[in-house]
Amino acid sequence: MSDSAATNEAVWKSDATIAQWVATADERERGRVWARRFMAELLPFGGEDAFTFADLGAGTGAAARAVLDRYPSSSAILADYSPQMMAEGRRGLAAYEGRYRYVEIDLAGGRWPAELDRELEAVVSSLCVHHLPDDRKAGLFREIFDRLAPGAWYLNYDPVAAQDPEVEEAWRRVEDARDPAGAAKRAHRTEEEHARWENHVRHIVPLEPQLALVRAAGFEAVDAYWKELDHVIYGGRRPLG
Ligand SMILES: C[S@@+](CC[C@H](N)C(=O)[O-])C[C@H]1O[C@@H](n2cnc3c(N)ncnc32)[C@H](O)[C@@H]1O
């Protein structure tokens with residue numbers, strides 16, 4: 001295992017990190033309501049369609065919940081490797097009992113669990129792929145492609161890096177206007193917060209190379225379907241033929 005994969009695993013399997021992450025999740029999610037719903041809307045299903053989708057790096061299930069809400073006959077397979085995140089997710093997903101199950105996967109290169117070795121009708125991921133180095137992003141996109149049914153979609157909601165410092169400055173200006181305490185928070189990170197931040201940003205790369213990796217995996221209709229500052233929803237469809 002690479003050093004960065006080991007660091008990432010230690011972060012996401014730390015009781016203290018998950019406790020802090022969960023305690024602050026509602027506040028972060030308030031700013032994501034629209035994006036969560038939009039990713040669900042992008043899936044090409046009718047409101048009453050019954051289908052099974054996977055949420056990779058599902059954590060406590062925020063992306064899956066939006067899909068389950070929009071499509072009341074859908075079922076989710078939530079895949080993650082953090083026992084703490086999955087335990088928190090089970091608590092928060094009580095209202096969806098019978099419509100979801102958790103499975104364990106290491107997206108850094110582990111074997112896919114048997115529950116996901118089937119023709120999936122959709123795959124989503126959110127705020128997780130950025131933890132993988134680019135060669136692994138590429139491998140993951142290929143593995144997702146191989147498991148999707150013909151015509152099925154993969155969508156990813158994730159942060160991206162700016163290619164131009166002036167663009168980054170504009171993003172930062174807007175973020176700081178929305179959260180006037182942001183600059184102070186950045187300047188006064190504890191050692192532990194700094195380590196988590198370093199882990200968060202380590203493999204965040206610009207949008208275009210990520211779209212290129214999705215295309216290279218074989219997907220069509222590839223686009224950034226939504227973007228606000230440094231957050232995007234991109235994806236594509238496995239061709240029918
Ligand atoms: C920032 S959280 C996002 C959780 C959720 N998708 C959401 O949008 O709220 C990142 C999640 O990715 C998971 N994760 C990170 N690296 C992973 C890996 N190599 N394999 C499986 N899960 C991973 C973590 O355990 C965590 O649950």
Side-chain angles (χ1 to χ4, degrees), residues 1-40 42 53-69 76-93 96 100 102-113 115-116 122-141 143-144 154-160 193 195-204 226 228 230-235:
M1 187 189 292
S2 71
D3 286 355
S4 78
T7 304
N8 187 50
E9 184 165 351
V11 165
W12 288 110
K13 295 185 178 179
S14 144
D15 290 346
T17 298
I18 304 312
Q20 203 265 348
W21 192 92
V22 169
T24 51
D26 284 353
E27 188 189 335
R28 287 190 304 274
E29 283 303 309
R30 276 195 282 281
R32 295 178 185 151
V33 172
W34 199 90
R36 298 284 190 199
R37 281 194 196 135
F38 185 63
M39 190 155 87
L42 279 169
F53 67 96
D55 179 359
L56 303 180
T60 55
R65 262 201 300 270
V67 179
L68 291 167
D69 286 343
I77 303 173
L78 283 72
D80 205 287
Y81 73 169
S82 161
Q84 295 91 339
M85 288 294 273
M86 293 192 272
E88 287 294 339
R90 284 188 190 96
R91 271 191 278 280
L93 288 162
Y96 303 86
Y100 82 90
Y102 270 107
V103 297
E104 203 178 318
I105 192 171
D106 181 358
L107 297 170
R111 278 174 60 85
W112 282 59
E115 293 90 334
L116 290 174
V123 174
V124 298
S125 52
S126 73
L127 309 175
C128 175
V129 169
H130 71 274
H131 285 307
L132 306 173
D134 283 2
D135 59 343
R136 188 53 209 145
K137 290 184 183 81
L140 177 65
F141 295 156
E143 290 163 16
I144 293 169
Y154 167 57
L155 295 168
N156 180 37
Y157 171 40
D158 238 344
V160 294
E193 284 167 344
R196 282 206 299 260
W197 175 254
E198 294 273 292
N199 183 63
H200 171 65
V201 296
R202 181 168 296 117
H203 297 305
I204 296 181
W226 173 87
E228 185 177 286
D230 62 339
H231 279 73
V232 300
I233 297 173
Y234 64 73

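Each ligand, and each atom within it, is numbered from 1 in the order the structure gives.
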**Prompt:** Is the shortest side-chain N to carboxylate O distance from R136 to E143 below 4.0 Å?
**Reply:**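 Yes, this pair counts.
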**Asked** Does even one non-hydrogen atom of R65 get within less than 4.0 Å of ligand 1?
**Response**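 Heavy atoms of R65 never come under 4.0 Å of ligand 1.
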Can you pull out the closest protein heavy atom to [atom]? Residue, atom name and distance to 0.1 Å, please.
{"atom": "atom 13 (C) of ligand 1", "value": "D80 OD2, 3.4 Å"}
{"atom": "atom 22 (N) of ligand 1", "value": "Y81 CD2, 3.4 Å"}
{"atom": "atom 2 (S) of ligand 1", "value": "W12 CH2, 3.5 Å"}
{"atom": "atom 5 (C) of ligand 1", "value": "A58 O, 3.2 Å"}
{"atom": "atom 8 (O) of ligand 1", "value": "S126 OG, 2.5 Å"}
{"atom": "atom 20 (N) of ligand 1", "value": "L107 N, 2.8 Å"}

Report yes or no: does [X] contribute a side-chain atom to a donor-acceptor pair with the main-chain N or O of [Y] at less than 3.5 Å?
{"X": "T60", "Y": "E88", "value": "no"}
{"X": "D80", "Y": "G59", "value": "yes"}
{"X": "Y154", "Y": "F141", "value": "no"}

Which one holds for [X] and ligand 1: side chain close, backbone close, both close, or neither close, with close meaning a heavy atom under 4.0 Å?
{"X": "A63", "answer": "neither"}
{"X": "W21", "answer": "side chain"}
{"X": "R36", "answer": "side chain"}

Mind checking whether [X] has an N or O less than 3.5 Å away from an N or O of ligand 1?
{"X": "G57", "answer": "yes"}
{"X": "C128", "answer": "no"}
{"X": "D106", "answer": "yes"}

Output the list of atoms in ligand 1 that are nearer than 4.0 Å to some heavy atom of [X], sorted by atom number.
{"X": "N8", "answer": "15 (C), 16 (N)"}
{"X": "I105", "answer": "20 (N), 21 (C)"}
{"X": "S82", "answer": "25 (O)"}
{"X": "A108", "answer": "19 (N)"}

Considering non-hydrogen atoms only, spot the tightest contact between [X] and [Y] and give its length.
{"X": "H131", "Y": "W12", "result": "NE2-NE1, 3.3 Å"}
{"X": "S126", "Y": "M39", "result": "CB-CE, 4.4 Å"}
{"X": "H130", "Y": "P159", "result": "ND1-CD, 3.5 Å"}
{"X": "L42", "Y": "L155", "result": "CB-CD1, 3.6 Å"}
{"X": "L93", "Y": "R65", "result": "CD2-CG, 3.5 Å"}

**Mutual orientation of the aromatic rings belonging to W197 and H200 [parallel < 30°, tilted 30-60°, perpendicular > 60°]** =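 Tilted: the ring planes of W197 and H200 meet at 30° to 60°.
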**Prompt:** Using a distance-only test with no angle check, is there a side-chain donor-acceptor pair under 3.5 angstrom linking N199 and R196?
**Reply:**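 There is no such pair (donor and acceptor under 3.5 Å, judged by atom type) between the side chains of N199 and R196.
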**Candidate with minimal heavy-atom separation from atom 10 (C) of ligand 1, of D55, V11, L127** =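 Answer by nearest heavy atom: L127.
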